[in-house]
Each structure stands twice: as structure tokens, then as C-alpha cells.
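Letters A, B, ... are given to chains in the order of the sequence lines, protein chains preceding strands, and every chain is numbered from 1.
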Amino acid sequence: MESRYDHLQAEQEIYTLWEDAHAFAPSSDRAGGDTAQKSFSIIMPPPNANDPLHIGHAMFVSIEDALTRFHRMRGDNTVWIPGTDHAGIETQFVYEKKLKKQGKSRFDFDRQTLFNDIMAYVKENSDVAVNQIKKLGASADWSRFTFTLDPDVVEFVTGTFKRLAADNLVYRDLQLVNFCVNCGTSFSELEVNHIDQTSSLYYVRYRMADNPKEYITLATTRPEPIWADTHLAVHPDNKKTMHLIGKKVLNPLTDAEMEIIADDFVDPEFGTGIVKLTPAHDFNDFAAAKRHNLPIIIAVDRRGKMTDGAGKYAGMSSKAAREAVVADLQTKTSPEYPDGLIEKIDTNYQNRIGTCYRCGRVLEPLPLPQFFIKVNAEKKSLTQAALKVLDEGKTIVHGAGREKILRHWLENLQDWNISRQIVWGIRIPVWYEVSGHEEKITVSFITAQKELKQGVLAELLKEHSLEEIAAGLQQLFADNTVPYTISVEDPSEDQSASTNSNIKGAKNTNQTTKSKKLYLPETDTFDTWFSSAQWPVVTLKTNKPDDFSRFYPTTVMETGYDILPFWVMRMMIMGIYITGQTPFSEVYLHGLVRDAKGQKMSKSKGNVINPLEIVEKFGADALRMALVIRSTPGLDKSVGDQDFKAMRNFSNKIWNASRFIALQDENPSHEVATNQAETSELGTGSGDAVFMEKLATITAEITKNMLDRKIGLAADTLYNEFWHWFCDECIEQHKQGSISLKVLQEGLHAFLHMLHPFMPFVTEKIWQELRATDDSLPEQLITSSWPEA
RNA sequence: GAUCGAUUAGCUCAGUUGGUUAGAGCGCCACAUUGACAUUGUGGAGGCCAUAGGUUCGAGUCCUAUAUCGAUCACCA
């Protein structure tokens with residue numbers, strides 16, 4: 001053995017050794033595997049398919065691999081299933097940036113072409129993440145690798161949608177949703193980023209209809225859609241304003257009459273106690289409008305421009321329209337209000353506003369017909385079922401009080417908008433009936449001459465055939481009233497062929513047809529989380545035939561606490577819905593990885609750690625150990641070069657202690673071999689007995705910590721006991737002659753086993769070295785047995 | 001406003017069901033070192049465990065309140 005451990009050389013060699021031995025496969029897959037044994041399973045959180053590795057990936061690999069290796073050594077039928085995620089909006093966003101550099105945009109393509117292009121792009125990059133995860137030493141079973149757009153995954157996910165629809169747990173409705181005019185899609189409530197900002201609060205005068213010389217004043221942050229407002233509201237019990245109920249005022253812009261209604265959502269204390277209702281663009285107003293059956297007039301379109309009804313403001317952006325509207329109101333004067341209809345502007349008004357988590361722009365609440373999952377149906381409440389699983393302890397959460405946060409989410413969850421107006425994803429398997437509804441469907445499509453056309457279908461059909469439109473279809477919006485059929489294939493076509501034979505990932509949509517079309521397809525795709533939510537079920541149902549019965553519910557779901565509501569909660573909801581059982585017995589939530597000073601990592605701060613550089617410089621073992629040691633579920637972990645260096649030194653310490661012991665064995669003439677203890681039987685000398693007893697205590701402690709998922713503590717204990725007890729005390733005592741070589745070897749073997757889950761490369765490399773002179777040892781450390789306490 | 005965390009050495013953090021003199025890494029000081037390891041060894045300095053109460057034979061650990069920091073949710077035009 002060399003005097004220094006060379007991680008660069010060893011890591012490559014050792015990983016290949018494991019792969020060649022199929023060491024990552026569950027024992028039930030191997031010949032003679034006992035399927036009756038206890039199983040242990042982890043589903044890897046699938047990284048974005050074309051995302052390069054970041055430190056968060058290294059964190060989950062370190063923890064999940066430690067657990068996987070521990071249970072594998074314990075003799076459990078162990079599997080860790082890897083995969084990658086198509087990451088709908090993220091990936092499309094990245095791809096669109098790329099298009100922009102080429103002077104193009106998503107509007108230059110029909111949806112099928114764009115989908116195929118993105119697929120090719122992702123395929124090109126998708127091996128990157130996988131190979132990087134391998135460099136970290138992940139003992140995941142790559143033969144079970146799954147991609148979220150694999151044909152069988154798509155089939156499964158669309159199947160779940162059909163089942164939800166059959167159970168009346170999915171519906172299409174016109175609802176106000178958060179829409180990003182830049183990204184061109186709506187989001188669910190979870191994806192909205194609320195940020196504090198300073199904005200202007202405009203106090204606008206509304207003239208009384210019966211006497212325009214009198215007016216009332218109310219405050220608004222959004223004057224630009226005033227032209228579309230038809231009603232004001234006051235609180236029914238507010239003494240100051242109750243006399244206004246039923247009265248009429250004039251719209252400041254259009255002079256149309258507006259009625260003042262009563263609704264108790266109005267806060268009498270805020271502003272003047274009077275609020276204007278803009279049902280199409282405010283969540284409270286939308287709800288009020290539904291209660292009072294008010295018209296919903298859309299003032300802002302999906303591009304963020306004023307709609308045609310805005311007259312002179314039509315086509316203006318919100319910001320430009322706001323300035324124009326305010327200017328116009330200020331010039332609308334009379335003797336009673338010489339400064340116009342704006343009483344004052346508070347430019348230092350603090351409020352919170354919803355922004356796009358992806359691009360950061362202000363989201364526009366828009367009424368759109370979308371598909372929703374009913375999460376709290378009376379008879380089949382998905383959220384209640386998840387809460388029950390928590391109550392019964394069938395899923396336990398490790399992570400600093402985060403179970404309470406999960407419960408809070410489950411108790412307050414709203415129906416889940418799963419429609420996304422993007423191409424990159426699984427198309428919602430729905431077709432809209434065209435005949436008789438041409439006026440209620442708007443489409444955009446690319447003509448055979450590569451021209452973009454958009455408009456109401458009825459108009460477009462005058463110049464284009466439905467076949468042409470279908471072939472070049474880019475996006476379709478159907479009114480809430482248009483009937484639809486849930487089906488992957490065009491329901492108007494002959495379906496004599498076996499139903500699902502054509503669902504093949506990339507080409508699952510928009511088949512061009514020969515026969516007369518009666519339907520056009522939905523162009524929206526599922527929220528990525530809708531498929532992710534089914535991940536533990538999907539990965540086990542689409543791989544080996546017995547996987548589901550063997551490994552479901554999975555043992556541990558390990559992921560970052562930041563995606564607790566997005567992913568963990570939804571996996572519980574969907575997993576329980578599909579299978580009737582929780583998808584995982586335990587949730588282990590790791591924290592954010594921060595820099596050495598405890599600062600959040602960000603590109604702008606320049607403190608981002610690239611895990612591959614650390615692997616190169618200090619070794620994967622050092623990186624893993626630094627991330628795991630003394631880490632606590634649910635709390636953030638800070639690391640820096642000093643930590644990686646310390647753990648690199650530790651791996652070298654392990655190497656050298658092993659080397660010393662190996663040298664004693666090879667070299668019995670060495671002076672220390674002449675000591676007395678050497679001649680005694682294993683563990684019978686007094687020093688030996690103390691040693692063995694302490695070793696047993698440590699082993700029991702580590703084992704318990706691992707089972708209790710206190711892996712940060714287990715790693716810390718191992719570090720201290722190995723270095724400061726085994727090396728500093730025991731090896732020195734051996735040199736003094738009070739501990740025999742035999743027990744020292746025994747101790748080394750135990751430590752190598754226990755260190756292996758954390759530092760797999762150096763321990764396996766040493767094992768192979770030891771085995772070179774002692775072939776009675778098990779062939780590989782990775783598949784050998786965890787020491788008995 | 002509500003909820004959930006955190007507060008321990010100069011810095012970053014562990015501390016298992018309450019149980020002797022509270023630990024690690026990094027940093028600091030002194031010394032050592034040709035035979036496992038300088039990616040080292042030995043020794044050392046450094047802590048009212050945020051504050052105030054309480055429970056207990058005993059509290060860093062359990063309870064209550066306060067303060068500070070952080071996260072999340074709700075926010076009203």
C-alpha cells in the first residue's frame with residue numbers, strides 16, 4: 001500500500017468494480033435471492049434531466065447512499081431507484097432562452113415540432129446528471145433508471161388522470177389562476193412567489209349617478225382595468241357606508257352606471273371602506289362576483305395587454321395603460337373636483353405581490369378554464385387521507401418540526417391547478433368537440449407555409465381546413481362550455497387498434513389524420529408535479545414485475561425541505577389515492593447547503609460550490625462525509641473547503657491506519673510483534689477484552705443511530721471513535737504491546753464496514769488491498785455483512 | 001398577524017430516553033517528529049449552553065414567558 005491514498009485513481013476503479021459485480025441490484029434480483037427478507041427501498045428525487053450537478057444533489061446522494069449501503073450490508077433486500085425529471089417549465093424556459101439567442105421564439109413552432117426539438121435537446125444532455133451522480137459513488141440501481149417522459153410513465157400518468165376524472169376528482173372550470181405573461185403559462189398557488197414591494201395606492205373619485213357633483217372615494221393599486229369594472233362593494237354592517245348599498249355611481253372612465261353591493265369580504269377599516277370589483281383580475285373580487293353573479297369582464301389578456309374593450313387603451317401594457325388612465329382621470333375635472341378624479345396618490349404603499357418563481361415578473365390573475373384536482377372532496381378527501389396516514393404514524397417525518405408544516409399545508413390546500421400552457425410535458429389527454437363550438441375555440445397554428453395564424457376557429461376555418469389547423473396546432477383555448485372527451489387519441493378516429501399502443505413519449509400527440517376531424521386536442525400539459533407526485537408508484541410499477549409488491553410502500557423518501565409542499569405532500573396525496581397506502585414510511589428532509597459562513601449560496605455572491613471540483617480535489621468520500629457529518633434533518637448545513645480538507649485528511653487517516661495494520665501482518669519480525677499480547681488468544685488479554693467491549697458498544701451505538709436516522713451523529717461518532725480512540729489510543733497501545741494484532745484487525749474490519757456507507761471508495765479500496773493477502777475475506781465490502789454488536 | 005425553527009468555544013455546528021469534569025472541525029498557542037499517517041503526534045488556551053422564571057435529587061436537554069435571527073403562510077382594494 002502506498003503511503004498516501006490516491007482518490008483520483010481509486011474512485012474510478014472501485015465504481016467499475018461494483019458495477020461489474022452488479023452490487024447495486026437488490027438481493028432478490030440475484031440468483032437465489034431470498035424474496036422473503038425485509039426490504040429497504042428509496043426512490044431518488046429525480047434531478048432535472050439536463051441540469052448539471054449542484055451541491056444539493058451531492059447532499060441527497062450522500063444521505064441516501066449512506067442509508068442504502070447501510071441497509072444493504074444489514075442484509076435487507078435493498079434498492080435505490082434513480083431517474084431524471086423532464087422538469088416542464090424549467091426546461092422549456094432554458095430552451096426558450098436558447099431559441100432567443102438564435103433569434104427565434106416558441107411562437108415559431110407548432111407544438112409537436114417544439115416538443116420534439118426540446119426532447120432532442122434534453123436527450124443530448126441527460127447523461128450529464130447521471131454520470132455526475134455516479135462520480136459521487138451512488139450505489140443506485142441503474143438498471144431501473146426511469147425518465148419522467150418514458151412511454152410507460154406517460155401511460156401511467158395519463159391513466160391516473162382518467163381515473164381521477166372517473167371518480168369526479170378532476171374537473172375543468174373557469175377559475176382565476178396566476179398567469180405569467182412572460183412564461184405564457186398559469187401556475188398553482190404553491191408556485192407563486194409573494195414578495196414585498198412598494199407601490200402606489202391611487203385614491204379615485206366615483207361620482208354619484210343621481211348627482212355627479214357628489215362623489216365617494218376609494219383606493220386601488222390597479223387603476224388600469226377600471227373601464228371594465230361594473231360594481232363597487234362595501235361591508236353590509238359598516239355604518240359609515242351602509243347607506244351606499246344599492247346606490248349607483250358613474251364609472252370614472254366610461255361614465256357607465258355601477259351599482260354598489262354589499263359583501264362581508266370588504267374590510268371596513270381599510271382605506272375608505274369601499275372597494276371596486278374587478279372580478280377578472282383579483283381573487284377576492286372573482287369570488288365575490290361568483291357569489292353575486294356579476295359579469296366577469298377580461299381587461300388584460302394573456303400577453304399582458306389591455307383587451308379590445310379598453311377602447312383607446314387597447315393593446316397597451318398594464319404599465320402604460322396605468323399611466324394613461326391616471327393621466328386621463330386627473331384631467332377629468334369639474335368645479336367640484338378641480339384636480340380631477342384622482343384625489344391623491346400614496347406612492348409609498350407597502351404591499352405583497354405574486355411573482356413568477358421562474359422569471360420573477362409580476363403574475364397576472366386571469367380567468368382561464370383549467371383542469372383542477374379536487375383535493376378535499378367530501379367523500380374522497382385526498383388531503384384528509386394524507387393527514388390520516390400522519391396521524392396513524394404510517395408516515396413519520398424526520399426534520400425539525402416540519403411535520404407540522406406539512407399538516408398545515410394539508411389542512412389548507414386548495415384545489416390543484418394541473419394545467420400548464422407549455423409544450424414540454426405530458427399532454428393532458430383531452431379532446432374538444434369542434435362542431436357547433438367553432439366560435440368558442442381560439443387557436444394558434446403554423447400553416448403549411450410556416451406562417452403563424454391565430455384567432456377564433458370559426459374565422460380561421462374560412463381559409464384553412466381543420467386538418468391544416470390540427471397539423472400545425474400551437475395552442476388552443478376552448479371556452480368552459482365546450483364539451484370534451486378524455487382520451488389520449490383522437491376520439492373521432494377508429495379505435496380498433498389496441499388502446500394504448502400509440503402512446504410513445506415524444507409522439508403521443510397531434511397525430512395528423514385522414515378522416516374528417518370532429519375534435520381538436522387540448523394543448524396544455526400537466527404540471528410537472530402531477531407526474532412527480534406519482535413517482536414512487538410509477539417507478540415501481542414500470543420496472544421489474546415484482547417491484548411494486550416488494551418495495552411499496554418505500555422505506556424512506558429523502559429530499560430537501562424546500563420541496564415539502566410541492567413534492568412530498570403531493571406524493572402522499574397521489575400515492576394514497578392510487579394505491580390506498582402511503583408511498584413511504586419515513587420522510588427524511590435535509591436542509592439547504594450553505595457556505596462556510598452560513599450564507600446561502602448564489603451565483604451573484606460567487607460562493608457556489610461545484611461538487612465535481614471537490615470530488616476532483618479532495619475525493620468523493622471527503623465531500624460526502626463533510627456534507628453528512630453532524631448534519632441534522634430539517635436544518636441547514638454549512639460547509640467550506642476547510643471541511644472538505646478535514647475529511648480528506650480523515651480518509652487518509654483511515655488509509656494509513658489500515659496500512660499500518662496490514663504491515664504488521666506482513667511483517668511479523670517487526671519489533672512490536674514481539675510483545676506479550678501477541679501470543680494470547682483473540683480477545684482474552686485484558687487490553688483485548690476492554691477493546692472488544694468498547695468496540696461492541698460503538699457498533700451498537702452506530703447501528704442504533706443509523707436505524708434512528710441520526711446519520712449525522714453516526715458519522716460524527718465514527719470520526720471520533722476511529723481517529724481518537726482506535727488510532728490514537730488502540731494502535732499506540734498495540735505498539736506498547738497491550739493490545740494484540742488480532743483484535744486490532746477485528747476492530748479495523750468493523751470500522752471499515754461502518755465507515756463504508758459514508759466513505760465508500762476509500763473503505764472498499766482498503767478492503768481490496770486487505771483481501772489481496774487474505775482471501776478468506778468477503779469479496780467486496782459493499783455486499784458484506786454489517787458487524788454484529 | 002399566524003405558524004414553525006434556531007440561539008452552545010473566535011467561526012461553522014454536534015450533543016441520542018434529563019445523569020459525572022459540555023464535544024468536533026476550522027482557527028489560535030507551545031512542543032515533538034526519520035518506521036502507519038506532516039493530509040501527523042502530544043499538550044494547551046477558549047463556553048454563566050440567548051435572558052428570566054418553573055418542574056426535578058439533578059436541566060444544554062422538559063415547561064412558560066421575553067428578546068434576537070431565520071423560514072413559511074395569510075394578508076385589505
Looking for any heavy atom pair under 4.0 Å, which part of the strands does A:Thr632 touch: base, sugar-phosphate only, or nothing?
sugar-phosphate

Would you say the base of B:A14 and the side-chain of A:Lys710 have a donor-acceptor pair closer than 3.5 Å?
no

Would you say a side-chain N or O of A:His194 is under 4.0 Å from OP1 or OP2 of B:A74?
yes

Between A:Asn649 (CG) and B:A24 (C1'), how many Å, whole number?
14 Å

Think A:Asn284 has a side-chain N or O under 4.0 angstrom from the OP1 or OP2 of B:C76?
yes

Basic-acidic side-chain contact under 4.0 Å: A:Arg407, A:Asp391:
yes

If only side-chain N and O atoms of A:Arg648 are considered, is one of them under 4.0 Å from the OP1 or OP2 phosphate oxygen of B:U39?
no

A:Leu410 atom CG is separated from B:U72 atom C1', nearest whole Å, by 15 Å

What nucleic acid atoms does A:Lys276 come within less than 4.0 Å of, heavy atoms only: base, sugar-phosphate, or nothing?
nothing

For the residue pair A:Phe726 and A:Leu748, establish whether any side-chain heavy-atom pair is separated by less than 4.5 Å.
yes

Over all strands shown, is A:Trp655 touching base, sugar-phosphate only, or nothing at heavy-atom distances under 4.0 angstrom?
nothing

Salt-bridged, A:Glu558 to A:Arg709, with N to O below 4.0 Å?
no

May I ask you to evaluate whether A:Trp723 reaches the phosphate of B:U40, defined as a side-chain N or O under 4.0 Å from OP1 or OP2?
no

Phosphate OP1/OP2 of B:G25 contacted by A:Lys645 side-chain N/O (<4.0 Å):
no

So, does A:Tyr349 get its side chain near the phosphate of B:A77, meaning an N or O under 4.0 Å from OP1 or OP2?
yes

Nearest to the side chain of A:Asn656, heavy atoms from C-beta on, is which of B:A24, B:C37, B:G5?
B:C37

Are any non-hydrogen side-chain atoms of A:Ile766 and A:Trp655 less than 4.5 angstrom apart?
yes

Think A:Lys653 has a side-chain N or O under 4.0 angstrom from the OP1 or OP2 of B:G41?
yes

Between B:C76, B:C37, B:C75, spot the one nearest the side chain of A:Ser3, thanks.
B:C37

In whole Å, what is the span from the CZ atom of A:Phe722 to the P atom of B:A36?
15 Å

Applying a 4.0 Å non-hydrogen cut-off, can you work out what A:Phe650 is touching in the nucleic acid: base, sugar-phosphate, or nothing?
nothing

